[in-house]
Amino acid sequence: MFMVASSVVLTVMVLNYHHRSPDRYEMAQWVKVVLLQWLPWMLRMNRPGKKITLKNILGSNQRGKSMELQEKSSKSLLANVLDIDDDIRHKNSAANPPSGYTRSAFGTPISTGRPATVEDTSASLPLSGMQEELHTILKELRFITDRMKKADESDEIISDWKFAAMVVDRLCLIIFTLFTVLATIVILCRAPHIIVQ
């Protein structure tokens with residue numbers, strides 16, 4: 001009775017861990033330490049592409065702090081290019097479209113006449129118009145890269161939850177196997193007429 005009840009409860013817990021998403025659940029730090037570092041090391045489990053060793057576990061706290069400092073201090077090339085938002089010249093040129101151009105839905109100037117070639121387009125656009133188009137393209141690139149970073153982060157969190165579910169599942173397998181073997185040995189030793197004297 002105890003085995004059946006505990007196996008059902010732990011199976012539900014493993015399935016819950018396996019299907020958790022970063023939208024609703026945030027993994028606590030102690031869960032990360034216990035289920036993603038210490039228990040896998042004791043159970044001799046490894047993640048794909050990552051070997052879990054005692055040296056990695058003890059050094060992960062220091063490495064995590066240094067990584068956070070590096071991320072805060074470094075900027076990507078795109079972020080450096082997009083710092084032109086603070087420039088007064090671009091704010092003034094964004095407010096007034098060049099003559100002969102209208103604004104599109106994205107705020108970029110559009111020519112009322114249709115140029116025949118790319119050279120005509122680049123020659124007909126004033127410098128500020130080209131800068132605005134480049135600025136719009138860079139904004140769209142920033143949006144796309146932010147979406148990709150968020151998707152990568154959520155995939156990593158989902159992977160962490162799935163690995164935690166695997167660790168709990170392996171721990172339950174070992175505990176239930178030991179309990180079953182020990183219970184079988186105890187029952188066989190106490191049963192009458194098994195050992196003939």
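Along the sequence shown, residues are numbered consecutively beginning with 1. Since the structure is predicted, the reported quantities are computational estimates derived from the model, not experimental observations.
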Least distance between heavy atoms, [X] atom then [Y] atom:
X: Ala164; Y: Met27; answer: CB-CE, 4.4 Å
X: Val167; Y: Leu35; answer: CG2-O, 3.4 Å
X: Ser7; Y: Val4; answer: OG-O, 2.8 Å
X: Ser21; Y: Ile158; answer: CA-CG1, 4.4 Å
X: Thr145; Y: Arg142; answer: OG1-O, 2.9 Å

Is there a continuous path of hydrophobic side-chain contacts, each under 4.5 Å between heavy atoms, that joins [X] to [Y]?
X: Tyr17; Y: Val34; value: yes
X: Leu15; Y: Val168; value: no
X: Leu173; Y: Leu10; value: no
X: Met42; Y: Phe163; value: yes
X: Leu43; Y: Trp161; value: yes

How far does [atom1] of [X] sit from [atom2] of [Y], to the nearest 0.5 angstrom?
X: Cys172; Y: Phe179; atom1: SG; atom2: CZ; value: 13.5 Å
X: Glu133; Y: Leu138; atom1: CD; atom2: CG; value: 12.0 Å
X: Glu140; Y: His135; atom1: CD; atom2: NE2; value: 11.0 Å
X: Leu36; Y: Ser159; atom1: CG; atom2: OG; value: 9.0 Å
X: Ile185; Y: Leu188; atom1: CD1; atom2: CG; value: 8.0 Å

Requested in this report: Answer yes or no: is there a side-chain heavy-atom contact under 4.5 Å between Met45 and Ile52?
Outcome: no

Query raised in the report: How would you list all residue pairs meeting ring pair (Phe, Tyr, Trp, His ring centres under 6.0 Å) that involve residues 21-43, not counting sequence neighbours?
Result: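 Listed by first then second residue: Trp38-Trp41.
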
Requested in this report: Could you name each residue pair satisfying salt bridge (Lys or Arg N to Asp or Glu O under 4.0 Å) that touches residues 17-44, not counting sequence neighbours?
Outcome: none

Requested in this report: Kindly state each residue pair satisfying side-chain hydrogen bond (donor to acceptor under 3.5 Å, both in side chains) with at least one member in residues 164-191, sequence neighbours excluded.
Outcome: none

Query - Note: Asp160-Arg47 ion pair, threshold 4.0 Å (strictly below) - result: yes

